[in-house]
Amino acid sequence: MDGCERTSPLEGTEDPNIGTDKLVNGDINTEPSSRARTERRLSKEDAVETHHLQGDPQNEPKKEEERKTELKETNEQKLYKIANELLQTEKAYVTRLYLLDQVFCAKLMEEAGKGTFPVEVVKNIFSNISSIHTFHSQFLLPDLEKRMSQWNTTPRIGDILQKLTPFLKMYAEYVKNFDKAMELLKLWTEKSPQFKAIIQDIQSQEVCGCLTLQHHMLEPVQRVPRYEMLLKDYLKKLPQDASDRSDAEKSLEIIATAATHSNTAIRKSENLKKLLEIYVMLGEEEDIVNASNEFIKEGHILKLAARNTSAMDRYLFLFNNMLLYCVPKFSLMGQRFTVRTRIGIDGMKVLETSNEDYPHTFQVLSQFFREPTNSQLSELGKRAPRWIRDNEVTMCMKCKEMFNALTRRRHHCRACGFVVCWKCSDYKAPLEYDSNKMNKVCKDCYSTLSGAQDSEDRAKKKGILEIEAAQFSGNSIICGFLQYSEKGKPWQKMWCVIPQTEALVLYLYGAPQDVKAQSSIPLLGYTVEGIPRSADPPISFRLTQSKSVHSFAADSEELKQRWLRVIRVAVTGEVLQQTSGNSSEGNGIHIAGSEAL
């Protein structure tokens, strides 16, 4: 009985311990017990024949030839598996391309045709995806299917993959446009409710597999390196004298060159994937999905209370331009964290501290966002800025006009990160951190980057209320959010600041990063009433003077008492020194952790 015939018991056996997956390099890879059972199935004649074969020197060349035949068949099987994997992944890839081209793109183009949003926006997002889809669905995939059906007579794929190489330019165009596509997608998802609704509706369908449009748009970026990997495996198993070797090597050379460009985009795409995951974990509210944001590290930490020894569970996300300080939520899916504070890397200080109960402690100190200094201006455009969040401002940080949903919407300067109106962001300049691509910037940054300083605007004198909330908050006796009502008017949330430089004045801002206060209250001479009236919220206090009545409400009794302690001193004309920590948790965070960031 020869070596090929000895594998026959595998074909019809009922023994569950033996199967075709046990074939390794032409031998039966079984446990000793399985091998014994297999040998017992051999007839005595087979055993005698085997004995004679082993003992006869004349049969040694025959055995070697049979072993080579068996090894050759195994390599052929491996080559077939690689070719079949190429076919199966190509089918899945074409399905993704159809989803991008005929579902996402087609639905958005249909709505754009109604004038809801520009057609050019959709074209710029999806680039040449239609051409890529057409090539793969109508040419490459049918050729692969036909070849696999004829594999017994034509076992080769190098010639088919050579047909792919002239079309790799399509991928170069798609990869080059990818960052711009991600920015446009984010911008119009925020800008157009109809645009966002169409995408969310498609994403909720089963065909999307619970993945976002951004995830599916990564597929073409990752496909070319996938071809390179499969082709390398194919060539490893392909004999040197195989007829397909020349075509396969030529294909690999060209595909590998194209894959180099894709790999750069893949590194960006992997970072984008992580940003998308964090975006979901934060409840899809934080504007972190941006090509300029680079994820660095994340992890659990303990936040040490300033006034006692208690420790609270917190979570940090560190990026190249900011640190997100989050509170965990008890949720297995969807939003898992709430952002308590966003701290910019610029101006942030980390101090190592000591604590008897917690051996690894450090303190994070932050500054509020301010106008850039001369040294920061020299670095403008060289590194990605920390973006001010939309909900941190109520007015343009340049012209100080109030934002609204129709005529004055929010835009971000890509150079300084400020939130500005469309008039103040109607400029473009090349930014070094974004490979010198043209980006939307505010007027001041454009002047700095282009060298055309507008001295008249710079020297313009500010009004009494035109002092940035950030400038006061970073050097204040106390600051934080309070509910405010004047003379019985509706309550509204205000960012309240008593600065060190003007310790007898309470400034009221719409948000922490507003560049102009909505009003100010000179505290000297006011009467402080700490007992709430029946019509007021339970944790409230009032400032009264003649006919002026200003009512405030805090989130907690402790916070109320901290404000009262400062204000009661200020109304007498005295100045209280800065408190150990203001009401915003992000100014100084004392952290314990076993792992340093």
Side-chain angles (χ1 to χ4, degrees), residues 92-141 167 169-223 265 269 272 276 279-280 284 287 289-291 390 403-412 414 421-423 425-428 437-440:
Y93 179 52
V94 168
T95 301
R96 294 285 191 274
L97 292 176
Y98 177 86
L99 182 65
L100 288 171
D101 180 29
Q102 297 299 313
V103 181
F104 278 109
C105 184
K107 292 285 186 182
L108 289 170
M109 285 294 288
E110 181 182 348
E111 185 65 27
K114 301 175 184 177
T116 310
F117 41 81
V119 172
E120 287 303 313
V121 169
V122 183
K123 289 182 178 180
N124 288 333
I125 288 174
F126 291 95
S127 185
N128 59 340
I129 196 66
S130 182
S131 299
I132 295 174
H133 176 222
T134 299
F135 168 70
H136 284 270
S137 62
Q138 298 184 17
F139 297 95
L140 186 57
L141 179 59
F167 295 92
K169 290 182 180 179
M170 295 190 302
Y171 281 91
E173 181 181 341
Y174 184 89
V175 169
K176 185 178 179 180
N177 184 69
F178 186 75
D179 286 348
K180 180 182 177 182
M182 292 297 102
E183 287 185 9
L184 281 173
L185 183 58
K186 177 180 181 297
L187 173 65
W188 282 92
T189 301
E190 296 173 351
K191 193 172 184 179
S192 171
Q194 294 92 336
F195 186 94
K196 182 178 181 180
I198 291 172
I199 291 176
Q200 287 183 335
D201 178 60
I202 299 173
Q203 287 178 167
S204 65
Q205 297 175 18
E206 186 178 351
V207 67
C208 262
C210 299
L211 295 175
T212 63
L213 171 57
Q214 290 93 328
H215 279 91
H216 291 296
M217 289 183 70
L218 290 171
E219 288 279 346
V221 176
Q222 298 170 326
R223 187 57 184 167
S269 71
L272 180 62
L276 287 167
Y279 175 68
V280 173
E284 302 184 5
D287 49 354
V289 184
N290 187 287
D390 288 350
F403 289 120
N404 60 62
L406 296 177
T407 60
R408 199 172 294 274
R409 300 173 64 89
R410 292 170 170 83
H411 301 267
H412 276 92
R414 267 60 173 179
C421 65
W422 67 271
K423 285 185 178 180
S425 63
D426 195 22
Y427 302 86
K428 286 192 174 182
K437 293 180 183 177
M438 299 298 287
N439 279 266
K440 180 181 291 188

Search all heavy atoms of [X] against all heavy atoms of [Y] and return the closest pair with its distance.
X    : Y    : result
C421 : H411 : C-CD2, 3.9 Å
L211 : Q203 : O-CG, 4.0 Å
I125 : N177 : O-ND2, 4.0 Å
F104 : I199 : CE2-O, 4.1 Å
P220 : I129 : CG-CD1, 3.8 Å
C208 : H216 : O-NE2, 3.1 Å

task: Check whether any side-chain N or O of S192 sits under 3.5 Å from a backbone N or O of W188 as a donor-acceptor pair, and report yes or no.
output: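 Answer holds: no.
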- request: Please check if the side chain of Q214 supplies one atom and the backbone of M182 the other of a donor-acceptor pair under 3.5 Å.
  value: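 Side chain of Q214 to backbone of M182, a donor-acceptor pair under 3.5 Å: no, none is there.
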field: Geometric class of the H133/Y98 ring pair [parallel <30°, tilted 30-60°, perpendicular >60°]
entry: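 Perpendicular.
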- prompt: Relative to each other, are the rings of Y174 and F178 parallel, tilted or perpendicular (30° and 60° limits)?
  reply: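 Aromatic pair Y174/F178 classed tilted.
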- request: Check whether the side chains of T116 and E111 place a donor and an acceptor atom closer than 3.5 Å, and report yes or no.
  value: yes
- prompt: Have T212 and H215 got a donor and an acceptor in their side chains that come within less than 3.5 Å?
  reply: yes
- prompt: Is there side-chain contact between E173 and S127, with at least one heavy-atom pair below 4.5 Å?
  reply: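 Yes, close enough: below the 4.5 Å cut-off.
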message: Would you say that K196 contacts Q194 through its side chain, given a criterion of any heavy-atom pair below 4.5 Å between the two side chains?
response: no
task: Hey, could you give me the CD/CG distance between Q205 and L99, rounded to the nearest 0.5 Å?
output: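 Reported to 0.5 Å precision, the distance equals 8.5 Å.
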- request: Answer yes or no: is there an ion pair linking R223 with E219, defined by an N-O contact shorter than 4.0 Å?
  value: no
